[in-house]
Amino acid sequence: MRVVGLISGTSVDGIDVALAELTASGDEVVLVPLGHSAVPYPGDLRRELLAALPPSGTTLEQVTRLDTRVGQAFAEAASTLSGTADLVASLGQTVFHWVDGGRARGSLQLGQPAWIAERTGLPVVADLRVRDIAAGGHGAPLASTLDALWLRDLAPAVALNIGGIANVTVVRAGGVQAFDTGPGNALLDLAAHQVTGGAQSSDLDGAIAARGRVHDELLRRLLDEPFYTAPPPKSTGKELFHAGYLRAATDGLDVRDEDLLATLTELTAVTIARACADATTVIVSGGGADNPSLMRALARHLPGARLATSDEFGLPRDAKEAYLTALLGWLTWRGVPANLPEATGARGPRLLGSITPGAHPLSMPAPHPVTVTRLRVAAHPDQPIGVPDAPS
């Protein structure tokens, strides 16, 4: 079965789209990456999305317009790879993740799946987080589903995704933990936009941070954030790490522009490293993997671990979450629970998402009869690529 996966991360810079071929043999799923791309949002849509994020105020009219426009943008992105596909899966654009008292209460993703179904003619699996939340989980990080299957034989290992928010899946012989570690690029992007007068939306190649030094007092303030010491499962978002948060942290301090970026880079590295302390291998994906300053800081804080990118194991680092989305959609379509309760905190395994029919009546396959326990990434079903080496 061929599935298109769609997601836009918390950096709100565009839509990642990937086409995967997925097959099952007993307890193993084989994922063949068939291609991916990143489709930028139209400039005005990105500006409107960013303007609607917390702590800004918004209206129901704005939310409705954005839901439609994001759905149309996702539909166009899906159409670039949907010609040979059987199904589309969409994680949408997260605009609010409601956490109260350490519990997730709700999560809102924009991008109406009906627009995708209308444009492609294919059924669409969407709204993938909320069932896990209804079952007591955080609805995140859903990457744990792919990572736990994929890295089962490499424990102890960590799959790390550095998007706007950084999240890890820690795979050990005795089980799996997955949680958000804190800001990945969220505060860095805000600071880069601020210090360049809006000329840059990120610290390209970590160049600004590379010219600076860590401001010890600012780093101490930032590390006092209670989220970092809360036990997993836990999740967060730009509801916490926003421009007002950064202003409050720097209040009363004299911090040079380049030192601000250097300190925020160190913050991301330190908070990630704490979650990876006993890992022999850390496999990085997401936009942060392209930031040399951040990768150097991670290597400094994880001297005993092999630091690699997911490309080395067959999944492109800039499309891993789109391939994850394709997997989640396939699991739902085949009647297989797609959450990992030990990672999200849900009361048990759950089928995720809702299905919007395409141009034809739904014809669901019989549920897959065997519990899925591993994932193999392959160039074709008989030729694995990027098979991780077991630790010595």
Sequence neighbours excluded, the answer for side-chain hydrogen bond (donor to acceptor under 3.5 Å, both in side chains) partners of H301 is E266
Heavy-atom closest contact (R350 atom, A135 atom, distance):
NE-CB, 3.6 Å
Does anything in residues 160-180 pair up under salt bridge (charged side-chain N to carboxylate O under 4.0 Å, His left out), and if so which pairs, sequence neighbours excluded?
R172-D278
For R46, look at atom CZ and say whether over 12 heavy atoms of other residues, nucleotides or ligands are found less than 6.0 Å away.
yes
Which pairs pass salt bridge (charged side-chain N to carboxylate O under 4.0 Å, His left out) with one or both residues in residues 50-74, sequence neighbours excluded?
D44-R69, E48-R69, E61-R65
Is a donor on one side and an acceptor on the other found under 3.5 Å between the side chain of T280 and the backbone of P156?
yes
Test side chain to side chain contact (heavy atoms under 4.5 Å, CB included) applied to D16 and S8, step by step:
CA-CA 6 Å; D16 294 327; S8 180; over 6 Å; no
Donor-acceptor list for residues 202-213 side chains, cut-off 3.5 Å, not counting sequence neighbours:
unit_1 : atom_1 : unit_2 : atom_2 : d
D203   : OD1    : A207   : N      : 3.2
D203   : OD1    : I208   : N      : 2.9
D203   : OD2    : A209   : N      : 3.1

Could you work out, with side-chain hydrogen bond (donor to acceptor under 3.5 Å, both in side chains) as the rule, every residue matching R220, not counting sequence neighbours?
E217, D224
How many angstroms lie between CG in N291 and CG in N185, if you round to the nearest 0.5 Å?
7.0 Å
Would you call the rings of F74 and Y41 parallel, tilted or perpendicular if under 30° counts as parallel and over 60° as perpendicular?
tilted
For A89, is there any backbone N or O sitting under 3.5 Å from a side-chain donor or acceptor partner on T325?
no
Looking at every heavy atom in both T94 and S107, which two are closest together, and how far apart are they?
CG2-OG, 4.4 Å
Distance, nearest 0.5 Å, that separates CG of L188 from CG of L267:
8.0 Å
Quick check for you: to the nearest 0.5 Å, what is the distance between T169 atom OG1 and W150 atom CH2?
10.0 Å
With sequence neighbours left out, what residues match R131 under side-chain hydrogen bond (donor to acceptor under 3.5 Å, both in side chains)?
none
Main chain of H97, side chain of E239: is a donor-acceptor contact present, judged purely on distance under 3.5 Å?
yes
Common cluster, L240/L190, ILVMFWY with side-chain heavy-atom separation under 4.5 Å
yes
Donor-acceptor contact below 3.5 Å, side chain D132 vs main chain N339:
no
Keeping to residues at least two apart or across chains, list the ring pair (Phe, Tyr, Trp, His ring centres under 6.0 Å) pairs with something in residues 333-371.
none
Sequence neighbours left out, what passes side-chain hydrogen bond (donor to acceptor under 3.5 Å, both in side chains) with R274? Give chain and number order.
none
All pairs passing salt bridge (charged side-chain N to carboxylate O under 4.0 Å, His left out) where residues 317-342 contributes a residue, at least two apart:
D147-K320, D290-R317, D311-R317
Under a single-linkage rule joining Ile, Leu, Val, Met, Phe, Trp and Tyr whose side-chain heavy atoms are separated by less than 4.5 Å, which residues share a cluster with I162?
V158, L160, V168, V170, F179, I272, V282, V284, L294, M295, L298, L302, L307
Taking the side chain from N167 and the backbone from P141, do they hold a donor-acceptor pair closer than 3.5 Å?
no
Between CG of D13 and CG of D189, what distance do you get to the nearest 0.5 Å?
8.0 Å
State whether the side chain of Q93 and the backbone N or O of G9 hold a donor-acceptor pair below 3.5 Å, judged by distance alone.
yes
Can you list every ring pair (Phe, Tyr, Trp, His ring centres under 6.0 Å) pair that touches residues 222-270, not counting sequence neighbours?
F241-Y245
Which other residues end up in the same hydrophobic cluster as W115, if Ile, Leu, Val, Met, Phe, Trp and Tyr are linked when side-chain heavy atoms come under 4.5 Å apart?
none
Lys/Arg-Asp/Glu bridge criterion (N-O < 4.0 Å) met for R376, E28:
yes
